[in-house]
Protein chains: 2
Amino acid sequence: MRLPKLSKLELQIMEVLWDKGPTAIRDIQESFGAKGRPAYTTVQTMVYRLEGKKALRRARKIGNAHIFEALISRDAAQARLVDEFLSLFGGRMQPVMAQLIEAGNLSSKDVADAEKLLRELAARKKKEA
Amino acid sequence: MRLPKLSKLELQIMEVLWDKGPTAIRDIQESFGAKGRPAYTTVQTMVYRLEGKKALRRARKIGNAHIFEALISRDAAQARLVDEFLSLFGGRMQPVMAQLIEAGNLSSKDVADAEKLLRELAARKKKEA
DNA sequence: CATGTCCTACTACACCAGTAAGAGCCTAGC
DNA sequence: GCTAGGCTCTTACTGGTGTAGTAGGACATG
């Protein structure tokens with residue numbers, strides 16, 4: 001279970017740790033926009049559960065407050081998400097891309113970047129071989 | 001609630017309806033691979049819940065068996081999925097694309113197709129304006 | 001040192017997805 | 001008409017997520 005499944009709210013909490021580094025619960029909670037933010041103890045519960053999933057750990061204490069730090073990388077978690085998502089489409093990219101473009105989520109810059117990355121990847125592969 | 005949220009299993013059931021058209025529960029269940037397929041009543045429960053969500057409806061009966069048909073389109077459901085997914089990334093495509101390419105999920109053909117579609121879309125927009 | 005504030009740890013609950021068993025109804029075939 | 005098999009409906013339990021309250025310990029500051 002090296003890469004536990006993370007829910008939306010759990011992800012948002014991890015985002016804070018990834019962005020800011022080791023953080024206390026209070027700071028995590030406050031980094032949610034003031035309106036519609038979950039209660040302190042809600043964030044706390046989620047952090048505890050993330051601890052159980054080994055997604056983060058208590059790094060140290062400041063006063064009596066724990067400071068938590070991420071144990072899994074943003075990249076790893078995102079890779080997991082993408083996998084999960086693709087499996088819903090049976091791994092077929094075509095409808096996904098089509099949808100992204102139709103909805104205007106994909107700019108020509110995104111596509112250009114993709115091309116560039118693809119070329120780099122191909123070059124890297126060739127070198128390795 | 002025109003576009004209800006569908007879970008993985010619910011999606012798989014809808015896939016059958018989208019592929020085969022109006023279908024009985026027995027046929028839906030059997031279209032899951034013989035190994036690891038959910039029990040008949042499990043599929044039934046999901047179908048009932050999908051009915052509650054207005055994702056499908058009873059079209060007619062054959063004997064005493066109901067035949068169900070999809071009420072929402074595959075495209076609409078997929079659009080919903082993509083939105084949902086993107087919101088996890090705060091709508092930023094860059095990490096998503098990067099991940100897709102790194103993991104080898106995105107071929108150069110996919111990217112070429114994307115480019116083509118983008119150009120078509122741009123042309124269409126221009127015409128409309 | 002007293003007291004208010006903040007944090008922790010625990011408990012609780014509702015909802016949803018997934019799973020399925022059980023009771024009983026309908027129908028087809030003998 | 002009777003019976004077997006399939007289908008419907010109902011009910012139920014589990015695990016995960018989101019939500020939060022409460023009790024009590026720690027700490028800082030007057």
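Reminder, nothing fancy here: chain letters follow the sequence lines and each chain counts from 1. Not measured: the values here are computed from a predicted model.
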Seminar exercise, completed: With the side chain defined as heavy atoms from C-beta on, A/Arg58 is closest, among C/dT8, D/dG18, C/dA9, to C/dA9
Exercise. Is any side-chain N of the basic residue among A/Arg124 and A/Glu120 closer than 4.0 Å to the acidic one's carboxylate O?
Worked result: no
Exercise. What's the shortest heavy-atom distance between B/Arg37 and B/Gly33, and which atoms?
Worked result: CB-O, 3.2 Å
Seminar exercise, completed: When A/Val43 and B/Phe68 are each assigned the nearest nucleotide of DNA chain D, the 5'-most assignment goes to B/Phe68
Exercise. Quick one: which of D/dA20, D/dG18, C/dT8 gets closest to the side chain of A/Ala39?
Worked result: D/dA20
Seminar exercise, completed: Checking A/Arg49, A/Arg80, A/Lys53 against A/Glu10 for salt bridge (charged side-chain N to carboxylate O under 4.0 Å, His left out), the one that qualifies is A/Lys53
Exercise. How do B/Thr41 and A/Thr41 order along DNA chain C: which one's closest nucleotide is nearer the 5' end?
Worked result: A/Thr41
For this session: In whole angstrom, give the distance that lies between atom CG of B/Leu11 and atom C1' of C/dC16.
Result: 15 Å
Exercise. In whole angstrom, what separates B/Tyr48's OH from D/dC7's C1'?
Worked result: 8 Å
Problem set entry | Which atom of A/Tyr48 lies closest to which atom of A/Arg58, heavy atoms considered | CE2-NH2, 3.5 Å
Exercise. What closest approach, in Å, do B/Ala114 and A/Val111 show between heavy atoms, and which atom pair accounts for it?
Worked result: CB-CG2, 4.3 Å
For this session: Let me know, please, whether B/Lys61 or A/Arg37 comes out on the 5' side of the other along DNA chain D by nearest nucleotide.
Result: B/Lys61
For this session: Starting from C1' on D/dT17, measure out to CG on B/Leu88 and report it in whole angstrom.
Result: 14 Å
Seminar exercise, completed: When rounded to whole Å, the NZ to P distance for the pair B/Lys5 and C/dA17 reads 7 Å
For this session: State which of C/dC6, C/dT19, D/dA20 makes the closest approach to the side chain of A/Asn64.
Result: C/dC6
Exercise. Does a salt bridge link A/Arg74 with A/Glu15, judged by any charged N lying under 4.0 Å from a carboxylate O?
Worked result: yes
Exercise. Is any side-chain N or O of A/Lys53 closer than 4.0 Å to OP1 or OP2 of D/dT17?
Worked result: yes
Seminar exercise, completed: B/Lys8 NZ to D/dT17 C1', in whole Å, measures 18 Å
Problem set entry | N/O donor-acceptor pair, side chain A/Gln44 with base C/dC7, under 3.5 angstrom | no
Exercise. Quick one: does A/Thr42's side chain have a donor or acceptor within less than 3.5 Å of a partner on A/Pro38's backbone?
Worked result: no
Problem set entry | Side-chain donor-acceptor pair present, B/Tyr40, B/Gln44, cut-off under 3.5 Å | no
Problem set entry | Nucleotide D/dA26, atom C1' - distance to CD1 of A/Ile62 in whole Å | 15 Å
Problem set entry | Donor/acceptor link under 3.5 angstrom from A/Thr45 side chain onto base of D/dA20 | yes
Seminar exercise, completed: Of all heavy-atom pairs linking B/Ala76 and B/Ser73, the shortest is N-OG, 3.0 Å
Seminar exercise, completed: Picking from D/dT17, C/dT19, D/dT19, the nucleotide nearest the side-chain atoms of B/Arg49 would be C/dT19
Exercise. Counting side-chain heavy atoms from CB outward, which of D/dT17, D/dA20, C/dA9 is closest to A/Pro38?
Worked result: D/dA20
Problem set entry | Length of the line joining B/Leu6:CG and C/dC16:P, which is rounded to integer Å | 14 Å
Exercise. If an axis is fit to five pairs at each end of the helix from C/dC1-D/dG30 to C/dC30-D/dG1, what is the angle between the two, to the nearest 10°?
Worked result: 10°
For this session: May I ask you to list the residues of residues 17-34 of chain B, by number, that have any heavy atom positioned under 4.0 Å from an atom of DNA chain D?
Result: B/Ile25, B/Arg26
Exercise. Considering the options A/Ile72, A/Leu71, A/Asp19, which one meets the side chain to side chain contact (heavy atoms under 4.5 Å, CB included) requirement together with A/Met14?
Worked result: A/Ile72
For this session: Identify which nucleotide among D/dG18, C/dC7, C/dA9 has an atom closest to any side-chain atom of A/Tyr40, counting heavy atoms from C-beta outward.
Result: C/dC7
Problem set entry | Side-chain-base donor-acceptor pair under 3.5 Å for A/Thr42 and D/dG18 | no
Exercise. Could you state the NE2-P distance from A/His66 to C/dC10, rounded to the nearest angstrom?
Worked result: 11 Å
Exercise. Salt bridge between B/Glu51 and B/Arg57, side-chain N to carboxylate O under 4.0 Å?
Worked result: no
